[in-house]
Amino acid sequence: MPSPDNPAAHATVEHGVSSENAASVPPIARRKPAARTHHGDTFLDPYVWMKDKDSAEVRDYVAAQNAYGERRTAALGPLRDTLFNELTSRIQQTDMSVPTRMDGYWYFTRTREGAQYAVQCRLPIRGGDDWTPPRIDPLSEPGSMPGEQVVFDTNREAEGHDFFQVGGMDLSRDGRWMLYGVDTRGDERYDFRIRDLRTGTELPEVLEGIAGACITPDAQWVFYTVLDDAWRPCAVRRHKVGTPVSDDVEVFREHDERFWLGVGLSFDERNIVIGTGSKTTTEVLMLPADTPEGEFRAFIPREPDIEYDVSFARFEDAGEDGADIPLAVVYHNAFNPNFEIDVIDMRLHEPPYRLGEGVCIAQGSPYGCEQGDRVEPGASAKPIGTAYRNPANPAILQGARGLGIEGIALHRHYVALSYRADGMTHLGVMTKRDAAEDFLAGRPWRFRELLPPTLEGDWDVPDSGVAAPAGNSDSLDSDTCFTGCFTQHGPSGASDTSGPSGSSADGLPDVTRRLYTIAAGGNPTYEAPRMRYTFSGYTRPGELHEFDPATGEDLLLKRARVLGDFDPRNYMERRMWITARDGERIPVSLVWRRGVALDHLPMFVTGYGAYEISSDPGFSVARLSMLDRGVLYAVPHIRGGGEMGRAWYEQGRRLAKRHSFEDFVDAVAALQDAGLADPERTVAVGGSAGGLLMGAVANLAPERFAGIEADVPFVDALTSILDPSLPLTVTEWDEWGDPLHDPEVYRYMKSYTPYENAPESPDDPRVAHFPKILITTSMNDTRVLVVEPLKWMARLQAAGVDVIAKIEVEAGHGGTTGRYKQWKEVSFENAWCLRTMGVA
């Protein structure tokens with residue numbers, strides 16, 4: 001009889017199973033109950049021993065689970081290979097980015113077919129007025145163009161490492177010195193070095209195991225962040241280049257364990273900036289770059305539960321006698337929970353400044369926010385989707401729903417405003433001259449919304465005048481098939497009535513045809529005459545444009561190329577709104593192959609819903625293989641994210657966290673009850689906090705899912721958040737609540753944390769229709785420790801739930817590195833999902 005402490009042995013002989021049937025029997029984890037007692041409640045945890053990930057027992061258990069998973073998924077090999085081949089056949093593997101000008105060089109990246117990583121390159125500018133990117137043959141070899149220099153060949157640097165992650169690169173103003181960091185374990189501790197790009201040699205000093213760093217423009221100093229035992233970036237040190245690291249000086253320490261900090265240069269490179277913040281409070285400290293041995297001072301002292309950021313710009317030639325007007329641009333939520341932007345004329349007085357000083361040029365909607373009544377009486381009780389009007393706001397913001405202000409960028413020739421409304425990203429632009437005129441006149445700024453260009457001949461745009469291609473059943477009129485289906489879908493499945501197609505009784509759109517993400521991006525230089533912006537959608541590959549606000553000229557710089565017979569018009573996308581069980585309206589994005597009837601389809605549904613992170617539309621080449629096989633792709637934009645502004649986040653965190661799980665279940669139920677998707681062929685996928693979501697919805701509504709893929713899942717949330725010695729815990733109290741000191745939070749978290757609420761024995765009635773589970777995780781993950789998914793898996797397997805895992809031994813929270821490795825991973829995961837859906 002094998003030893004009961006050998007889990008690998010149990011995999012082959014437990015319950016008398018013969019070796020030929022061993023593939024279907026999971027390793028049996030040893031049970032050694034340990035008591036966890038808080039607030040009068042005791043939980044007996046039989047798998048606490050898995051916390052020691054470096055022990056031989058845990059390593060053996062991981063090896064046994066990996067072997068079991070490989071046996072169980074061996075039959076996926078042909079489908080996985082097919083998906084991988086489809087994926088790689090659609091990707092332009094030898095390619096390059098559009099060059100971006102920084103100081104005296106054009107920087108760009110190259111990728112080569114067969115190479116795992118990109119190569120960073122540069123070309124010198126042709127002169128001060130050179131703002132036209134150089135034309136470079138993407139098929140040429142790195143370094144082959146006249147004057148081209150290879151700055152960093154990640155393939156060469158990664159040789160000999162299974163895992164390789166670059167943790168940042170910073171360059172001196174003259175382009176000679178490069179500061180860079182690498183992580184070869186996946187634990188997000190980086191070793192930083194300084195390289196002379198003229199000679200290729202490196203200075204002897206190494207900043208080991210740090211979080212991040214920046215080099216001053218003159219390359220004389222490096223400022224870097226160090227971590228404490230809980231993996232928290234807690235202090236900033238100053239290093240004199242060319243001296244021993246042992247001589248470095250600590251210049252700032254953050255003593256509040258809720259706060260993380262980082263250090264970098266301001267956009268104009270005039271200041272070294274320390275940003276420190278918790279989930280709810282931030283502070284910015286500055287030091288002029290020309291006095292690096294001085295003392296950091298707070299721009300605005302921190303205030304509890306107030307977030308702010310600051311940048312600097314100027315209105316050129318707009319002052320008296322043609323002088324510049326120096327500006328401080330402050331982004332904060334001191335008076336408006338959905339943030340506002342204040343522009344301060346720095347001629348009026350010297351620092352320090354205060355929040356609310358200056359001219360407010362944009363502010364978000366207070367409706368539904370916890371602190372909304374501070375802005376407008378009764379605002380907190382209003383629905384999040386109530387239209388918001390404020391006479392001080394630009395015209396493009398008037399009447400917006402779920403309006404959140406996300407930031408502003410002032411450059412030499414233009415201004416760009418980023419905001420959210422109706423669950424979508426938006427971008428407003430104007431010339432700098434108009435901004436100066438509006439500022440001095442005291443009137444709302446005349447932003448114009450920048451809309452991405454429609455696809456040439458795109459039939460799927462209202463009033464485009466282009467007919468749907470013949471031979472397809474789903475024309476624009478097919479939107480009527482949704483109307484009335486996505487309303488009240490609580491546990492009872494009851495539904496109310498909605499307005500006509502395209503709108504609802506509360507004014508929110510019932511159908512949004514064009515789904516995309518748009519943002520200003522790739523604009524590192526203040527003097528650039530035109531603005532670059534990016535956009536992509538579920539059916540539209542990413543594009544990089546250059547826009548001139550003065551003329552309206554919009555130039556396409558690059559569109560991601562999808563090889564083969566791909567045509568975005570072969571795919572459909574819609575955003576619908578369902579009404580959750582508490583009455584809140586939840587947006588749901590849908591994507592499917594054109595011509596596929598929306599009738600009980602297999603469905604791939606994914607969600608996140610935490611940290612105010614939005615699940616915005618984006619293109620995926622790997623997703624095409626699913627869509628082409630008749631799969632409906634769905635994204636419920638659940639509360640806890642930021643799709644509808646700060647209120648959306650607040651209503652899905654702390655003591656309202658269950659809304660995230662209920663929104664997801666109600667959205668899935670709405671799609672299934674409307675006959676669009678089949679519960680027996682629905683697979684849900686989520687990672688990290690989205691993995692917590694997966695575990696929670698499996699417990700709440702197992703009958704709604706055939707399978708669940710949980711990636712690095714945060715499934716033992718209560719145990720982790722009770723332990724302040726773990727990475728992230730103290731900072732996470734602002735997100736989840738503090739169960740260590742608050743018994744109400746403890747009870748609330750215990751009611752939903754997936755591990756403690758999962759089936760524990762075959763007698764649990766949920767086991768009979770519990771979904772199959774695929775877990776992916778990594779041994780060196782410092783954000784979600786591997787013990788969490790290991791314990792969850794052991795408990796589920798003991799109850800008889802079908803669970804397999806793929807555990808990376810050398811990787812962290814982001815999984816493997818190297819694009820071909822990542823493509824193989826996603827092909828494996830999608831093969832498992834398709835098989836679970838019953839799609840070959």
Side-chain angles (χ1 to χ4, degrees), residues 65-95 111-118 162-163 538-539 541-542 560-566 571 591-593 602-606 618-633 635 681-687 690-691 694 706-713 772-778 803-811 813-840:
Q65 286 288 0
N66 274 337
Y68 170 67
E70 289 173 3
R71 293 194 302 270
R72 289 287 313 280
T73 59
L76 290 178
L79 178 56
R80 177 201 60 206
D81 293 344
T82 296
L83 296 177
F84 178 78
N85 291 334
E86 290 177 3
L87 173 61
T88 54
S89 70
R90 287 172 166 145
I91 293 175
Q92 184 72 47
Q93 297 177 49
T94 297
D95 204 357
T111 56
R112 305 291 296 169
E113 185 170 356
Q116 291 279 7
Y117 301 97
D162 291 332
F163 180 95
Y538 294 119
T539 65
R561 186 180 177 192
V562 181
L563 304 181
D565 61 354
F566 170 76
Y571 302 90
V591 191
W592 68 100
R593 173 81 187 195
M603 180 168 65
F604 180 100
V605 56
T606 183
F619 189 77
S620 166
V621 174
R623 186 190 303 137
L624 297 177
S625 292
M626 284 195 169
L627 299 177
D628 289 347
R629 287 170 169 80
V631 173
L632 175 65
Y633 178 84
V635 185
R681 296 194 294 166
T682 294
V683 171
V685 179
M694 294 299 102
I708 282 180
E709 178 188 331
D711 302 318
V712 288
K772 297 178 180 178
I773 306 288
L774 169 64
I775 297 171
T776 68
T777 186
S778 301
V803 185
I804 59 172
K806 196 172 190 304
I807 307 165
E808 296 292 340
V809 177
E810 292 293 337
H813 193 65
T816 59
T817 57
R819 57 179 183 158
Y820 288 94
K821 291 180 182 177
Q822 292 171 343
W823 294 342
K824 285 185 178 294
E825 288 303 308
V826 73
S827 297
F828 164 78
E829 292 162 10
N830 286 352
W832 182 87
C833 292
L834 285 170
R835 186 186 69 174
T836 304
M837 296 175 197
V839 179

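In summary, E808 and K821 do not engage in a salt bridge, as defined by a charged side-chain N under 4.0 Å from a carboxylate O.
To the nearest 0.5 Å, the span separating CG on L774 from CD on E709 amounts to 5.0 Å. The line from CZ of R593 to OG1 of T539 is 12.0 Å long, rounded to the nearest 0.5 Å. Separation of atoms CD1 (I807) and CG (N66) is listed at 4.5 Å; rounding is to 0.5 Å. Going from atom CH2 of W592 over to atom CG of D628 covers 15.0 Å, rounded to the nearest 0.5 Å. With rounding to the nearest 0.5 Å, the separation of CD in Q116 from OG1 in T817 is 7.5 Å. The CZ atom of R72 sits 11.0 Å away from atom CD of Q65, with the distance rounded to the nearest 0.5 Å.
When all heavy atoms are compared, the tightest approach of L563 to S89 is CB-O, 3.4 Å.
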For residues 76-85, dump all side-chain donor-acceptor pairs below 3.5 Å to protein atoms at least two apart in sequence or in another chain.
from: T82; atom 1: OG1; to: P78; atom 2: O; distance (Å): 2.9
from: N85; atom 1: ND2; to: D81; atom 2: O; distance (Å): 3.1

Distance-only check: which donor-acceptor pairs under 3.5 Å involve side-chain atoms of residues 830-840, not counting sequence neighbours?
from: T836; atom 1: OG1; to: W832; atom 2: O; distance (Å): 2.8

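Using modelled atom types and a 3.5 Å distance limit, the side chains of T776 and D711 yield a donor-acceptor pair. Inspection of the T816 and E825 side chains reveals no N or O donor paired with an N or O acceptor under 3.5 Å.
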- Message: Working note: L624 + F619, criterion side-chain contact (heavy atoms from CB on, under 4.5 Å); need CA distance, chi angles, decisive distance, verdict.
- Response: CA-CA 9 Å; L624 297 177; F619 189 77; 4.0 Å; yes
- Message: Determine whether Y633 and R623 satisfy the following criterion, side-chain contact (heavy atoms from CB on, under 4.5 Å), listing intermediate values before the conclusion.
- Response: CA-CA 8 Å; Y633 178 84; R623 186 190 303 137; 3.5 Å; yes
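Every side chain to side chain contact (heavy atoms under 4.5 Å, CB included) that Q93 has, sequence neighbours left out, goes to T88, I91, E113, R819, Y820, W823.
Inter-residue side-chain proximity for P713 and I775 is flagged as met; some heavy-atom pair is nearer than 4.5 Å. Residues F828 and K806 have side chains in contact (heavy-atom distance under 4.5 Å, counting atoms from C-beta outward).
A cation-pi arrangement is not found for R90 relative to F566, the charged atom failing to lie both closer than 6.0 Å to the ring centre and inside a 45° cone about the ring normal.
For the side chain to side chain contact (heavy atoms under 4.5 Å, CB included) with L627, the qualifying choice from F604, Y571, Y538 is Y571, the only one to do so.
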